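Have a look at the structure below, then the notes.
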Amino acid sequence: MTEFKPVKEGKVREIYDNGDSLIMVATDRISAFDVILKNKITKKGTVLTQMSKFWFDYTRDLLPNHMISVDPQDMPEYFRQPQFTGSSMLCRKLKMLPIECIVRGYITGSGWASYQKTGKVCGITLPEGLRESDKLPEPIYTPSTKADLGDHDENISYEQSVDVLEKIFPGKGEEYATKLRDYTLALYKKCADYALSRGIIIADTKFEFGLDEEGNVVLGDEMLTPDSSRFWPLEGYEPGHGQPSFDKQFVRDWLKANPDSDYNLPQEVIDKTIAKYLEAYQLLTGKEL
């Protein structure tokens, strides 16, 4: 059995080169505040991969994505080991575009902090009188540049995204920037409407796109997971304060309350976190993992 070594490792993901394709593995690692924690969250990688698969299938009619298969039988033998089962995705190779495509349908987090100071989010002026967690009149597109591991991404305007892409693809900057914005908003609207019908509010999320060999824009990376999105339960949703969420908020809250933890979580926080991930998966897909 040929052993594989990751060609790229992110905070949570590992990417393996498989010749004309890639294998993306979502690990059970968890990061918060840009630090990888010492604990593993069992099954988390499987939830992320299977949830991405669900959304890739659901949005195939809007635009192509990079997923080929999540079946271990379609991958080299090395990926049929237990630690990879369920958490691996065979993908097309793309030339990834250096823009994080962020869309916000509700005002929360850093957007809320910015709105309180300036009435704007990422340079976009919003109506007066919004409360924390309010739904925005229309979703807004707030791209950022993709920073290297350990650096913070930087918010940019749509116009700046045109310049970033124009430098890499002369004559194509405007075309690609427009496609990224339009696809991001269309994906968000379609999926947020569906999620709402299943009892989940998608407050915000981020997408990443790449180009295939013909220069078509293709959806890549992960999609609408609790790691890349803010999911809130519809039940009990009430603007005016922060909302409980289906992501690693438990982890963030516990770390804030325990500054001396050295990023080591107690078992109950791990259990609560994975329970939230599994609940989100079940609500959205209608299936147990």
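Predicted model only: the values in this text are computed from it and were never measured.
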Exercise for the section: With ring pair (Phe, Tyr, Trp, His ring centres under 6.0 Å) as the test, would you mind laying out the steps for Y194 and F54 before giving the verdict? Expected result: CA-CA 12 Å; Y194 169 80; F54 171 79; 5.7 Å; yes

Problem - N216 side, atom CG; F209 side, atom CZ - distance, nearest 0.5 Å - result: 13.5 Å

Practice task
List the atom of K93, the atom of S21, and the distance in Å for their closest heavy-atom pair.
Solution key: CE-O, 3.5 Å

Handout entry: Residue that, paired with K44, satisfies side-chain contact (heavy atoms from CB on, under 4.5 Å) out of D227, I270, T273
Key = D227

Completion exercise
Rounded to the nearest 0.5 Å, the CD1 atom of I107 sits from the OG atom of S133 at a distance of 9.5 Å

Handout entry: Evaluation steps, side chain to side chain contact (heavy atoms under 4.5 Å, CB included), between Y183 and V217
Key = CA-CA 9 Å; Y183 277 145; V217 175; 3.9 Å; yes

Exercise for the section: Flag yes if more than 12 heavy atoms outside K38 fall under 6.0 Å of its NZ atom; otherwise flag no. Expected result: yes

Problem - Non-hydrogen atoms of W232 and F246 that approach each other most closely - result: C-CE1, 3.8 Å

Completion exercise
Applied to residues 165-175, the side-chain hydrogen bond (donor to acceptor under 3.5 Å, both in side chains) test, sequence neighbours excluded, yields Y158-E174, K172-E175, E175-K179

Problem - Over 12 foreign heavy atoms within 6.0 Å of NZ, K189 - result: yes

Practice task
State, with a plain yes or no, whether a side-chain heavy atom of K276 is found less than 4.5 Å away from one of F231.
Solution key: no

Practice task
Please collect all side-chain hydrogen bond (donor to acceptor under 3.5 Å, both in side chains) contacts where either partner lies in residues 106-124, sequence neighbours excluded, each pair once.
Solution key: W112-Q116

Problem - Within-4.5 Å side-chain heavy-atom neighbours: R230 and Q243 - result: no

Practice task
Consider only side-chain N and O atoms of S245 and D247, and report whether a donor and an acceptor are under 3.5 Å apart.
Solution key: yes

Problem - Polar contact flag, side-chain donor to acceptor under 3.5 angstrom, T142-R104 - result: yes

Completion exercise
CD1 (I15) and SG (C91) are apart, to the nearest 0.5 Å, by 8.0 Å

Exercise for the section: Mind running salt bridge (charged side-chain N to carboxylate O under 4.0 Å, His left out) on D20 and R92 for me, showing each step along the way? Expected result: CA-CA 8 Å; D20 57 358; R92 289 198 275 162; over 6 Å; no

Exercise for the section: Output the distance between atom OG1 (T205) and atom CG (L224), rounded to the nearest 0.5 Å. Expected result: 4.5 Å

Exercise for the section: Could you verify whether a donor N or O on one side chain and an acceptor N or O on the other, from S261 and N264, lie under 3.5 Å apart? Expected result: no

Handout entry: Polar contact flag, side-chain donor to acceptor under 3.5 angstrom, S144-E154
Key = no

Problem - Straight-line distance of I99 CD1 to L180 CG, nearest 0.5 Å - result: 7.0 Å

Completion exercise
For I168 and P98, the nearest pair of non-hydrogen atoms, with its separation, is CD1-CG, 3.4 Å

Using distance only, find each side-chain donor-acceptor pair of residues 282-289 under 3.5 Å and give its atom names and separation, not counting sequence neighbours.
unit_1 : atom_1 : unit_2 : atom_2 : d
T285   : OG1    : Y281   : O      : 2.7
T285   : OG1    : K287   : N      : 3.1
T285   : OG1    : K287   : O      : 3.3

Exercise for the section: Please report the shortest heavy-atom distance between V162 and A177, naming the atom on each side. Expected result: CG2-CB, 3.5 Å

Problem - Whether Y58 and W55 hold their rings parallel, tilted or perpendicular, with breakpoints at 30° and 60° - result: perpendicular

Problem - Within 6.0 Å of NZ in K135, more than 12 heavy atoms from elsewhere - result: no

Problem - Considering all heavy atoms, the nearest T27-V12 contact - result: OG1-O, 2.6 Å

Handout entry: E213 CD: over 12 foreign heavy atoms closer than 6.0 Å
Key = no

Practice task
Before giving the answer on side chain to side chain donor-acceptor pair (under 3.5 Å), spell out for Y237 and E235 the whole-Å C-alpha distance, their side-chain angles and the decisive distance to 0.1 Å.
Solution key: CA-CA 6 Å; Y237 164 67; E235 196 181 328; over 6 Å; no

Problem - For the student: nearest non-hydrogen atoms of M89 and K53, plus distance - result: CE-N, 3.9 Å

Fill in the blank from the handout: dist N65:CG -> F56:CZ (nearest 0.5 Å) comes out at 5.0 Å

